[in-house]
Peer 1: 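My questions all concern the structure below.
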Amino acid sequence: MVRGKTQMKRIENATSRQVTFSKRRNGLLKKAFELSVLCDAEVALIVFSPRGRLYEFASSSILETIERYRSHTRINNTPTTSESVENTQQLKEEAENMMKKIDLLETSKRKLLGEGLGSCSIDELQKIEQQLEKSINKIRVKKTKVFREQIDQLKEKEKALVAENVRLSEKYGNYSTQESTKDQRENIAEAEPYADQSSPSSDVETELFIGLPETRSRRISPKV
């Protein structure tokens, strides 16, 4: 039967956790004993259970092994006197170099601001002037670039607004045409009754004459 791989996390079940602790503790103590015997190694093992119970193993004396461990760590972790002096001297030199660099930067900053120029020679003043001119040129180039970017952005906004204006104009034009057509239809519909009233009535008398115009004029003479 293939043994499943144990997942490395805390066992939630208390009974299973206690059983696993007992098995693995015994195996760990056995491995420590085998290591001390087979390899002639000085081994000390200390285990505290979840309830605080102590389990230990030592190939000789556990107190002597612990003291040996402490002495070994003190020797390896404590630097020698010569190394300590060298480290201290190196740190002092680095600190002095940093202070000198800071002083130079502060002096250069004051000179660029036009302060403390009394002790400067002609060459130093020319160098400062050239440095300032280079800085101004860089600033102008950057400003021009920013202006161009803003102009491009405004142009893009202008194009968008023009397109929106055209779209709205077309939409409003179509709407106005529809309204005008609707008004014309309403006006025609309103005028039709009046047109019917003003048309000639069927009661109007008409006379039909056949003949030349002269004969027609005589017959139309008014009655006395």
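Remember, predicted model here, so these are calculated numbers, not experimental data.
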Peer 1: Ala41 and Ser59: which non-hydrogen atoms are nearest, and at how many Å?
Peer 2: O-OG, 3.6 Å
Peer 1: Linking I/L/V/M/F/W/Y whenever their side-chain heavy atoms sit closer than 4.5 Å, directly or via other members, would Val47 and Phe57 fall into one cluster?
Peer 2: yes
Peer 1: Just checking Arg25: does its CZ atom have more than 12 heavy atoms from other residues, nucleotides or ligands closer to it than 6.0 angstrom?
Peer 2: yes
Peer 1: Return yes when atom CG of Asp103 has more than 12 non-hydrogen atoms of other residues, nucleotides or ligands closer than 6.0 Å, and no otherwise.
Peer 2: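 Yes, enclosed.
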Peer 1: Using residues 145-160 as the side-chain source, report each donor-acceptor pair under 3.5 Å to any protein atom, sequence neighbours left out, with the distance given to one decimal.
Peer 2:
none

Peer 1: When hydrophobic residues are tied together by side-chain contacts of less than 4.5 Å, even through go-betweens, does Leu54 share a cluster with Leu28?
Peer 2: no
Peer 1: From Leu29 CG over to Leu45 CG, what is the distance, rounded to the nearest 0.5 angstrom?
Peer 2: 5.5 Å
Peer 1: Minimum heavy-atom separation for Glu56 to Ile62, with atom names?
Peer 2: OE1-CD1, 3.5 Å
Peer 1: Keeping Asn165 on the side-chain end and Leu161 on the backbone end, is there a donor-acceptor pair under 3.5 Å?
Peer 2: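 Not confirmed, Asn165 side chain does not pair with Leu161 backbone.
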Peer 1: Applying a strict under-4.5 Å side-chain criterion to I, L, V, M, F, W and Y, I'd like to know whether Leu91 and Ile102 cluster together.
Peer 2: no
Peer 1: So, taking the atom named CG in Asn26 and the one named OH in Tyr55, what distance separates them when rounded to the nearest 0.5 Å?
Peer 2: 8.5 Å
Peer 1: Apply the test salt bridge (charged side-chain N to carboxylate O under 4.0 Å, His left out) to residues Lys109 and Glu106: give CA-CA distance (whole Å), side-chain angles for both, the deciding distance (0.1 Å), then the verdict.
Peer 2: CA-CA 5 Å; Lys109 179 182 176 181; Glu106 290 291 337; 5.2 Å; no
Peer 1: Supply the atom-to-atom distance Glu67 CD to Thr65 OG1, rounded to the nearest 0.5 angstrom.
Peer 2: 10.5 Å
Peer 1: Looking at Thr73 and Arg70, would you say the former's side chain and the latter's main chain have a donor-acceptor pair under 3.5 Å?
Peer 2: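 Looks like yes, one N/O pair under 3.5 Å.
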Peer 1: Kindly say whether Arg17 contributes a backbone atom to a donor-acceptor pair with the side chain of Thr20 at under 3.5 angstrom?
Peer 2: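 Judged by distance alone, no pair lies under 3.5 Å.
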Peer 1: So, using salt bridge (charged side-chain N to carboxylate O under 4.0 Å, His left out) as the criterion, who are the partners of Glu115 when residues are at least two apart?
Peer 2: none
Peer 1: Would you mind reporting whether Phe21 and Gln18 have side-chain heavy atoms less than 4.5 Å apart?
Peer 2: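 The answer is yes; the side chains approach within 4.5 Å.
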Peer 1: When rounded to the nearest 0.5 angstrom, what is the spacing between CZ in Arg110 and CG in Leu113?
Peer 2: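 Arg110 CZ to Leu113 CG: 9.5 Å, rounded to 0.5 Å.
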Peer 1: Could you give the distance from CD (Glu12) to CZ (Arg10), rounded to the nearest 0.5 Å?
Peer 2: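 Those atoms lie 5.5 Å apart.
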Peer 1: Rounded to the nearest 0.5 Å, how far does NZ of Lys127 lie from SG of Cys120?
Peer 2: 11.0 Å
Peer 1: Would you list the atom pairs, donor with acceptor, under 3.5 Å between side chains in residues 128-143 and any protein atom, with sequence neighbours excluded?
Peer 2:
| unit_1 | atom_1 | unit_2 | atom_2 | d |
| --- | --- | --- | --- | --- |
| Ser135 | OG | Gln131 | O | 2.9 |
| Asn137 | ND2 | Glu133 | O | 3.2 |

Peer 1: How about CG on Leu168, more than 12 heavy atoms from neighbouring residues, nucleotides or ligands closer than 6.0 Å, or not?
Peer 2: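 Yes, enclosed.
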